[in-house]
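Beneath this line is the structure, given in structure tokens, with notes to follow.
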Amino acid sequence: MEVIAAGTGRAITMSAGDQIDIINPAGTQVVDTWALCLPDPTEHLSMEHTRAALLRLVPRLGDQLVTNRRRPVLTLVDDTSPGVHDTLIPACDPARYRLLGAAEGHASCQQNFLGAVRDSGLGPTEVPSPLNLFMNIPWSAEGRLEFAPPLSRPGDLVRLRAELDLLLVLSACPQDLVPVNGVELRLTDIHYRMVT
């Protein structure tokens with residue numbers, strides 16, 4: 001079992017067919033998730049293309065998530081949570097925290113992504129919209145969105161299978177100004193393990 005500390009990120013290299021469990025020990029931690037294809041990271045997991053392929057806002061068990069070139073890149077193999085995840089909200093970034101009144105230098109998923117990609121040896125890349133695991137963004141019939149606390153429980157996990165060789169980037173979201181990581185605004189570690 002590997003640990004990603006609260007508010008930080010990490011990149012994990014996966015080969016096609018590899019599976020990974022992303023575990024939420026406290027149940028309240030959002031995990032921003034990206035997949036960059038290797039060797040060409042300009043092809044990446046795309047929320048826009050995935051929504052078009054699935055014709056749903058939230059993936060379900062067995063669904064294949066696709067790239068910006070419409071190729072399957074990840075499959076949702078298992079999900080012990082209530083299945084509430086988000087495909088709409090971009091990664092938090094320094095500009096978002098400035099708008100919320102945070103002190104300069106607040107950690108962000110955007111910076112976690114860029115740091116993890118750089119540490120993996122890849123050059124600069126754009127920051128695609130992430131799959132926000134365990135994030136609860138309910139919507140109304142009028143299309144209004146809300147930042148609500150997660151519905152996941154302690155120990156819930158999501159299992160993903162790589163359909164292509166890829167770099168999986170995970171960020172234990174450092175958002176502590178709105179309740180996306182729980183009403184207590186408390187950040188927690190996430191765990192992951194490769195599945196054989």
Exercise answer: donor-acceptor pairs, residues 100-110 side-chain atoms, under 3.5 Å, sequence neighbours excluded:
unit_1, atom_1, unit_2, atom_2, d
His106, NE2, Asp176, OD1, 2.8
Ser108, OG, Gln111, N, 3.1

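For Asn181 (side chain) and Val30 (main-chain N/O), a donor-acceptor pair under 3.5 Å exists by modelled atom type. Although no hydrogens or angles enter the test, the distance criterion places a donor-acceptor pair under 3.5 Å between the side chain of Asp165 and the main chain of Ala16. A donor-acceptor distance shorter than 3.5 angstrom exists from the side chain of Gln29 to the backbone of Cys173, with no hydrogens or angles considered. At distances below 3.5 Å, at least one donor-acceptor pair connects side-chain atoms of Thr50 with backbone N or O atoms of Ser46. Asn132 places no side-chain N or O within donor-acceptor distance of the main-chain N or O of Met135, the cut-off being under 3.5 Å. Checked by atom type and distance alone, the side chain of Asp156 never pairs as donor or acceptor with a backbone atom of Asn24 at under 3.5 Å. Panel note: side chain Trp34, backbone Val127; no donor-acceptor pair is recorded below 3.5 Å. Without hydrogens or angle criteria, Thr80 side chain to Leu157 main chain gives a donor-acceptor distance under 3.5 Å. At distances below 3.5 Å, at least one donor-acceptor pair connects side-chain atoms of Arg10 with backbone N or O atoms of Val3. Side chain of Asp93 to main chain of Ala95: a donor-acceptor pair is present (N/O by atom type, distance under 3.5 Å, no hydrogens or angles).
Of all non-hydrogen atoms in Asn112 and Pro174, the two that sit nearest each other are ND2-CD, 4.1 Å. The shortest non-hydrogen separation linking Leu168 to Ile22 is CD2-CD1, 4.5 Å. Of all heavy-atom pairs spanning Asn136 and Pro149, the tightest one is ND2-O, 2.9 Å. Looking at every heavy atom in both residues, Ser152 comes nearest to Ser81 through CB-CB, 4.2 Å.
Within a 6.0 Å radius of CZ in Arg69, other residues, nucleotides and ligands contribute more than 12 heavy atoms. Within a 6.0 Å sphere centred on CD of Glu184, other residues, nucleotides and ligands contribute 12 heavy atoms or fewer. Summarising the local packing, CZ of Arg60 is surrounded by 12 or fewer heavy atoms from other residues, nucleotides or ligands at distances under 6.0 Å.
Hydrophobic cluster membership is shared by Leu122 and Val169, with clusters built from Ile, Leu, Val, Met, Phe, Trp and Tyr side chains linked at under 4.5 angstrom. Put simply, Val158 and Leu88 are part of two different groups of oily side chains (I, L, V, M, F, W, Y) that touch within less than 4.5 Å, one to the next. Under the 4.5 Å side-chain heavy-atom criterion for ILVMFWY residues, a single connected hydrophobic cluster contains both Leu166 and Leu131. Linking Ile, Leu, Val, Met, Phe, Trp and Tyr whenever their side-chain heavy atoms come within less than 4.5 Å puts Leu74 and Leu61 in one cluster. In this structure, Leu36 is not a member of the same hydrophobic cluster as Leu170, with clusters built from ILVMFWY side-chain heavy atoms closer than 4.5 Å.
In this structure, the separation between CD1 on Ile23 and CD1 on Ile4 is 10.5 Å, given to the nearest 0.5 Å. Here the CG atom belonging to Asn68 is positioned 7.0 Å from the OG1 atom belonging to Thr42, to the nearest 0.5 angstrom. In this structure, Leu160 CG and Leu76 CG are separated by 6.0 Å, a value rounded to the nearest 0.5 Å. How far CD1 of Ile137 is from CD of Glu146: 8.5 Å, rounded to the nearest 0.5 Å. To the nearest 0.5 Å, atoms CG (Leu177) and CG (Leu99) are separated by 11.5 Å. Between atom CG of residue Leu164 and atom CG of residue Leu38 there is a gap of 9.5 Å, rounded to the nearest 0.5 Å.
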Under the side chain to side chain contact (heavy atoms under 4.5 Å, CB included) criterion, do Thr13 and Ser120 qualify, and how do the steps go?
CA-CA 9 Å; Thr13 301; Ser120 76; 5.9 Å; no
Pair Trp139, Leu57 - check side chain to side chain contact (heavy atoms under 4.5 Å, CB included), show working.
CA-CA 10 Å; Trp139 58 90; Leu57 292 175; 3.6 Å; yes
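Side-chain contact check for Pro59 versus Leu65: some heavy-atom pair is nearer than 4.5 Å. Put simply, the side chain of Ile20 does not reach to within 4.5 Å of the side chain of Asp18, judged on heavy atoms. You'll find the side chain of Pro130 stays beyond 4.5 Å of the side chain of Phe113, heavy atoms only. Under the 4.5 Å side-chain criterion, counting only non-hydrogen atoms from C-beta, Glu2 is not in contact with Ile12. Pro128 places none of its side-chain heavy atoms less than 4.5 Å from the side chain of Leu45. Within the 4.5 Å cutoff, no side-chain heavy atoms of Thr188 are placed close to those of Pro25.
Ion pair Arg161/Glu163 flagged as a salt bridge, since at least one NZ, NE, NH1 or NH2 atom sits closer than 4.0 Å to an Asp/Glu carboxylate oxygen.
Here His85 pairs with Phe134 under the ring pair (Phe, Tyr, Trp, His ring centres under 6.0 Å) rule; sequence neighbours left out.
For the pairing with Gln175, the side chain to side chain contact (heavy atoms under 4.5 Å, CB included) check across Leu187, Asp32, Val180 returns one residue only, Val180.
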